Novice: 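This is the structure I want to talk about, given as structure tokens.
From a predicted model like this one, the values you see are computed outputs, not experimental measurements. Position 1 is the first residue of the sequence; numbering continues from there.
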Amino acid sequence: ALGHRDSARVGCYVGTVQDVTELRAAEVALRDAEERFRQAFDEAPIGMALISEDGRLEQANTALGVICGRTRDELLGVQLRELLHPADADSASEALRALGAGAIDQLAMALRIIPTVGSPLEISVNGTLLQNGTGHLKRVLYQFQDVTERKRYEEQLQFMADHDPLTGLQNRRKFESELDRHVEHVKRYGPEGALLVLDIDHFKTINDTLGHNAGDQLIVSISSVLRGRLRTSDV
């Protein structure tokens with residue numbers, strides 16, 4: 001306050017004014033972005049988790065809980081390797097370390113998750129490194145997609161492409177592929193094995209007199225005999 005020394009009356013005030021419009025707008029934008037991320041994370045149709053550098057789940061969404069057969073709260077603090085098939089745990093931990101060390105930018109791998117009930121599930125996993133302002137590892141954003149049914153369907157398609165639908169034996173295309181592979185093996189390691197060509201005597205007569213259904217039954221019977229007499233390593 002400035003004024004006459006003997007006067008109790010205030011003469012004026014000195015103050016500052018700061019425009020915080022942009023600051024407030026930035027704070028609102030940050031809150032909106034965080035809310036959008038939270039909604040996208042929680043409501044995502046695939047499993048999602050934020051995992052610490054030591055492999056612990058810090059956040060998890062509902063979809064991941066469904067995959068694992070647990071609630072979201074039950075997943076918090078759990079080590080990722082505890083959810084995985086033992087044969088996949090070490091490779092998942094190694095990939096997480098490589099991501100944290102900067103050896104890789106993105107993580108993409110196939111893992112098997114063991115739910116609390118049921119058989120192991122085939123899971124496609126993608127991980128993205130999240131860093132803080134200092135550039136140090138903060139967390140890893142993981143996405144988990146259950147591809148069990150897709151894998152089963154792909155295996156069925158592959159089986160259908162490689163096997164005869166009547167007998168279940170490998171078809172001509174697959175047999176030729178296996179034969180080519182064996183020829184290359186023989187070229188490198190020397191001759192071994194044998195190739196047999198079998199014929200069914202009077203098969204045309206059976207088809208013509210008894211019908212194609214009887215011919216099919218005969219083929220199935222012979223294939224069963226062959227399968228029972230051969231080793232699993234034979235084609």
Side-chain angles (χ1 to χ4, degrees), residues 20-159:
V20 295
T21 304
E22 294 184 359
L23 177 62
R24 292 291 180 265
E27 292 174 348
V28 171
L30 178 60
R31 286 196 299 268
D32 289 344
E34 291 175 344
E35 179 62 20
R36 287 195 298 270
F37 174 80
R38 186 193 64 78
Q39 290 181 351
F41 183 93
D42 291 342
E43 300 173 8
I46 63 175
M48 299 188 70
L50 287 175
I51 298 179
S52 63
E53 188 174 5
D54 64 356
R56 291 188 179 278
L57 276 69
E58 295 184 352
Q59 294 184 44
N61 69 348
T62 301
L64 182 58
V66 172
I67 291 174
C68 298
R70 308 189 188 193
T71 66
R72 293 169 57 182
D73 291 340
E74 289 173 340
L75 289 174
L76 299 184
V78 173
Q79 283 281 350
L80 174 62
R81 63 182 299 119
E82 295 178 17
L83 304 175
L84 302 179
H85 190 284
D88 296 341
D90 289 342
S91 59
S93 298
E94 181 61 30
L96 180 61
R97 285 192 294 269
L99 191 63
I104 55 176
D105 297 326
Q106 298 284 332
L107 183 150
M109 60 192 311
L111 298 172
R112 287 165 293 179
I113 281 182
I114 300 180
T116 53
V117 177
S119 303
L121 302 175
E122 296 279 351
I123 305 294
S124 174
V125 180
N126 291 274
T128 302
L129 182 66
L130 302 180
Q131 295 178 325
N132 57 23
T134 62
H136 296 298
L137 174 64
K138 189 176 182 180
R139 286 175 294 185
V140 177
L141 176 62
Y142 269 85
Q143 296 176 321
F144 302 83
Q145 186 169 7
D146 185 355
V147 294
T148 305
E149 289 302 320
R150 189 187 76 187
K151 293 279 289 186
R152 185 177 296 119
Y153 181 64
E154 290 173 350
E155 290 171 356
Q156 290 175 348
L157 289 179
Q158 188 62 54
F159 184 88

Novice: Closest approach of P120 and P115, non-hydrogen atoms and distance?
Specialist: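 Reported closest heavy-atom pair: CA-CD, 4.2 Å.
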Novice: Rounded to the nearest 0.5 Å, what's the gap from CG on L99 to CD on E53? Could you check?
Specialist: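 Spacing of CG (L99) from CD (E53) equals 10.0 Å.
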Novice: Quick check for you: to the nearest 0.5 Å, what is the distance between H85 atom NE2 and S91 atom OG?
Specialist: 11.5 Å
Novice: Once rounded to the nearest 0.5 Å, what's the spacing between atom CD1 of I123 and atom NZ of K151?
Specialist: 11.5 Å
Novice: Determine whether R70 and V78 make a side-chain contact, defined as any pair of heavy atoms from C-beta on separated by less than 4.5 Å.
Specialist: yes
Novice: To the nearest 0.5 Å, what is the distance between CZ on R139 and CG on L57?
Specialist: 12.0 Å
Novice: State, to 0.1 Å, how close A95 and M109 come at their nearest heavy-atom pair, and which atoms those are.
Specialist: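 Taking every non-hydrogen atom into account, CB-SD, 3.8 Å.
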Novice: Would you say the side chain of S52 lies within less than 4.5 Å of the side chain of D54, judging by non-hydrogen atoms?
Specialist: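 Yes. Closest side-chain heavy atoms under 4.5 Å.
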Novice: Please determine, by modelled atom types, if R81 and S93 share a side-chain donor-acceptor pair under 3.5 angstrom.
Specialist: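 The criterion, which ignores hydrogens and geometry beyond distance, is satisfied for S93 and R81.
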Novice: Provide the closest heavy-atom pair for F41 versus L141 in the form atom of the first, atom of the second, distance.
Specialist: CE1-CD1, 4.0 Å
Novice: Ion pair present between E155 and R152, side-chain N to carboxylate O less than 4.0 angstrom?
Specialist: no
Novice: For residues L111 and F144, determine if any side-chain heavy atom of one lies less than 4.5 Å from a side-chain heavy atom of the other.
Specialist: no
Novice: Looking at side-chain heavy atoms only, is the closest gap between V140 and T128 below 4.5 Å?
Specialist: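 In short, these two side chains do not touch, never coming nearer than 4.5 Å.
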Novice: What pair of heavy atoms forms the shortest contact from L84 to A92, and how long is it?
Specialist: CD1-CB, 3.4 Å
Novice: Please enumerate all residues that pass salt bridge (charged side-chain N to carboxylate O under 4.0 Å, His left out) together with E154, with sequence neighbours excluded.
Specialist: R150
Novice: Decide yes or no for L83 and L75: does some side-chain heavy atom of the first lie under 4.5 Å from some side-chain heavy atom of the second?
Specialist: yes
Novice: Does some side-chain heavy atom of I114 sit less than 4.5 Å from a side-chain heavy atom of L121?
Specialist: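 Counting from C-beta outward, L121 and I114 never come under 4.5 Å.
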Novice: Indicate the atoms forming the closest heavy-atom contact of A87 with R112, along with that distance.
Specialist: CB-NH2, 3.5 Å
Novice: Distance check, rounded to the nearest 0.5 Å: L64 atom CG versus Q145 atom CD?
Specialist: 13.0 Å
Novice: State the CD-OH distance between Q158 and Y153, to the nearest 0.5 angstrom.
Specialist: 12.5 Å
Novice: Find out whether M48 and Q59 are in side-chain contact, i.e. whether some heavy atom of one side chain is under 4.5 Å from a heavy atom of the other.
Specialist: no
Novice: Are any non-hydrogen side-chain atoms of I67 and I113 less than 4.5 angstrom apart?
Specialist: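 With C-beta onward as the side chain, the pair touches.
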Novice: After noting the C-alpha distance and the side-chain angles of V125 and L107, does the key distance pass the side-chain contact (heavy atoms from CB on, under 4.5 Å) rule?
Specialist: CA-CA 8 Å; V125 180; L107 183 150; 4.2 Å; yes
Novice: Determine the minimum heavy-atom distance between A63 and G47, stating which atoms define it.
Specialist: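 Reported closest heavy-atom pair: CB-N, 3.7 Å.
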Novice: Could you check whether T148 and D146, counting side-chain N and O atoms only, form a donor-acceptor pair closer than 3.5 Å?
Specialist: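 Per modelled atom types, D146 and T148 side chains form a pair under 3.5 Å.
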Novice: Using side-chain contact (heavy atoms from CB on, under 4.5 Å) as the criterion, list what pairs up with D42, not counting sequence neighbours.
Specialist: R38, R72
Novice: Using side chain to side chain contact (heavy atoms under 4.5 Å, CB included) as the criterion, point out the one residue from L50, N126, L80 that pairs with Y142.
Specialist: L80
